[in-house]
Colleague: 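Here you go, one structure.
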Number of protein chains: 2
Amino acid sequence: MSPAAPRTSNEAIVAAARLLLESGGTEAVTMQAVALQVGVRAPSLYKRFADRATLMTALADDIAADLAEAVAPAPDVRDPREAVRAMAARYRTFARRAPQSYQLLFATAGVAPSPGPNSLASADVLHLAGALAGPDDALEAARTLVAFAHGFVSMELAGAFRLGGDVDAAFDYGLETLIRGLHTHAS
Amino acid sequence: MSPAAPRTSNEAIVAAARLLLESGGTEAVTMQAVALQVGVRAPSLYKRFADRATLMTALADDIAADLAEAVAPAPDVRDPREAVRAMAARYRTFARRAPQSYQLLFATAGVAPSPGPNSLASADVLHLAGALAGPDDALEAARTLVAFAHGFVSMELAGAFRLGGDVDAAFDYGLETLIRGLHTHAS
DNA sequence: ACCTGAACACCGTTCAAGT
DNA sequence: ACCTGAACACCGTTCAAGT
């Protein structure tokens, strides 16, 4: 017989890691747990990933790609304000549906640096921000929008909003405040 | 002789943990490392803290208190916009000086829930936000300001701003956009 | 060429035994 | 009343040995 064909794949490993992450947090994604999930022993994982940190980076990349896809705007971008609202809503929905995955994206501690949260403030957001605030301010406006969106959902996931009130309404309020401020400045 | 007087204290332990945190990140604050730092063995720590998670919570509380103090506004709050600028600047300065400490405040994973990032959006911010956006919108305006500030420094610390540009200017730009938006809405 | 058991270093935690 | 060494379970990682 031919000597040993692969019994798993990088994709299966990352998928298993992601499942463990969402159900049990970062500390649940153990080399042993991941290995067993894909039907293999822990040492075998080191054939495909140098160490746990590398696996976690691959996991973060996988999540980042899904977030980018989930947030991508619909083709019909008539009103930039409407497009920003739609993107922000999708962004927040993603974070709330997969809180552990979302948080991993911003856990600097030895994980991030591949595509990272960077690709977020990329093309689409930049374009919309430019349409809203004027092309000269596109980068700064995009960073402002992303900072607000990330900050809000990050605090929301961390349970930082404990003074009651309508959290959904606060998100809308903040977004409208920004849109208003950006638009006012442009005109 | 009297049988065994304390050789350390909760305060000394938390202080040691904080030093280890800032110099080596969360994973460096090990029960053994903390213990040795205060001149004791790891098992002794369990006399004062139920487990590592409890110690980390105490550490987060300690940091939160310092952040609140560092951000507290000067007595002369003439112009609320000026006061917001000053608080935002102090907030960002704290985060940049002690990035690991700051990030621990928002690491939900089994740490946070004591005073948490909550006390931030508390009294002072609420008051200023009300002065800026009108008392009816105080809570939502405060959440918007804090979300932006946290989101921005969080992304900054995570190295998410890789498209170049002036990061300081982007922070100012975002803050002014918010102030403008809040003020426009109030009037 | 891939997989595994065994081993090592390290960590959190418990506990009986010391003073 | 506090401290400690020893022990346990668990984790990441390496590696010689299997097929």
Colleague: Nearest to the side chain of Val40(A), which nucleotide is it out of dG5(D), dT4(C), dC11(D)?
Modeller: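 The listed nucleotide nearest to Val40(A)'s side chain is dT4(C).
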
Colleague: Starting from P on dC11(C), measure out to CE on Met56(B) and report it in whole angstrom.
Modeller: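 That distance rounds to 14 Å.
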
Colleague: Is there a side-chain contact between Ser44(B) and the phosphate of dT4(D), meaning an N or O under 4.0 Å from OP1 or OP2?
Modeller: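 Indeed, a polar side-chain atom of Ser44(B) lies that close.
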
Colleague: When the distance from CG of Leu45(A) to P of dC15(D) is rounded to whole Å, what number comes out?
Modeller: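 That distance rounds to 17 Å.
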
Colleague: Looking at dC3(D), I'd like to know if its phosphate oxygens (OP1 or OP2) sit under 4.0 Å from a side-chain N or O belonging to Arg41(B).
Modeller: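 Looking at the OP1 and OP2 atoms of dC3(D), neither is under 4.0 Å from any side-chain N or O of Arg41(B).
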
Colleague: Kindly point out which of dC2(D), dT14(D), dC2(C) is positioned nearest to the side chain of Pro6(B)?
Modeller: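 Nearest to the side chain of Pro6(B) among the choices is dC2(D).
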
Colleague: Does the side chain of Phe94(A) reach to within under 4.5 Å of the side chain of Asp66(A), using non-hydrogen atoms?
Modeller: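 When only atoms from C-beta onward are counted, Asp66(A) and Phe94(A) do touch, with a gap below 4.5 Å.
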
Colleague: Is it the case that the ring center of Tyr102(B) lies less than 6.0 angstrom away from the ring center of Tyr91(B)?
Modeller: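 That pair passes the under 6.0 Å test.
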
Colleague: Rounded to the nearest Å, what distance is computed from the CD1 atom of residue Ile13(A) to the P atom of nucleotide dC2(C)?
Modeller: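 In whole Å, dC2(C) P and Ile13(A) CD1 are 12 Å from each other.
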
Colleague: Determine which nucleotide pairs with dT19(C), using a 3.5 Å limit on both distances of a Watson-Crick or G-U wobble pair.
Modeller: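 For dT19(C), the partner nucleotide comes out as dA1(D), under the 3.5 Å rule.
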
Colleague: In whole Å, what is the span from the CG atom of Leu55(B) to the P atom of dC11(C)?
Modeller: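 Going from Leu55(B) (CG) to dC11(C) (P), I get 15 Å.
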
Colleague: Give the rounded distance in Å between these two atoms: CZ of Arg52(B) and P of dT13(C).
Modeller: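 Checked: the CZ to P distance equals 8 Å.
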
Colleague: Going by purine N1 to pyrimidine N3 plus the second Watson-Crick contact, or the G-U wobble pair, all under 3.5 Å, which nucleotide sits opposite dT14(D)?
Modeller: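 With both distances under 3.5 Å, dT14(D) matches dA6(C).
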
Colleague: How close or far is atom C1' of dC8(C) from atom OH of Tyr46(A), stated in whole angstroms?
Modeller: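 Between C1' of dC8(C) and OH of Tyr46(A): 13 Å.
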
Colleague: Using modelled atom types and a 3.5 Å cut-off, is there a donor and acceptor pairing between side-chain atoms of Arg81(B) and backbone atoms of Glu176(B)?
Modeller: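 Absent.
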
Colleague: Within the 4.0 Å heavy-atom criterion, would you say Pro43(A) contacts the bases, only the backbone, or no part of the nucleic acid?
Modeller: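 If one applies the 4.0 Å heavy-atom cut-off, Pro43(A) turns out to touch a base.
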
Colleague: Reckon Arg48(A) has a side-chain N or O less than 4.0 Å from the OP1 or OP2 of dC3(C)?
Modeller: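 Looking at the OP1 and OP2 atoms of dC3(C), one of them is under 4.0 Å from a side-chain N or O of Arg48(A).
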
Colleague: Measuring centre to centre across the rings, with the benzene-like ring taken for any Trp, is Tyr173(B) within less than 6.0 Å of Phe152(B)?
Modeller: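 They do not qualify: ring centres at least 6.0 Å apart.
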
Colleague: Rounded to whole angstrom units, what separation is found between the CD atom of Glu27(A) and the P atom of dG12(D)?
Modeller: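 Spelled out: CD on Glu27(A) to P on dG12(D) is 11 Å.
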
Colleague: Looking at the side chain of Met31(A), which of dC3(C), dG12(C), dG12(D) is the nearest nucleotide?
Modeller: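 Nearest to the side chain of Met31(A) among the choices is dG12(D).
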
Colleague: Round to a whole Å and report the spacing from CG of Asp51(B) to P of dT13(C).
Modeller: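 Taking CG of Asp51(B) and P of dT13(C), I get 5 Å after rounding.
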
Colleague: The side chain of Arg7(A) lies closest to which of these nucleotides: dT14(C), dT4(C), dC3(D)?
Modeller: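 Looking only at side-chain atoms, Arg7(A) lies closest to dT4(C).
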
Colleague: Nearest to the side chain of Lys47(A) - dC3(C), dC2(D), dT13(D)?
Modeller: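 Side chain of Lys47(A) sits closest to dC3(C).
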
Colleague: Going by atom types alone, do Gln100(B) and Thr26(B) pair a side-chain donor with an acceptor below 3.5 Å?
Modeller: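 No, Thr26(B) and Gln100(B) have no side-chain donor paired with an acceptor closer than 3.5 Å.
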
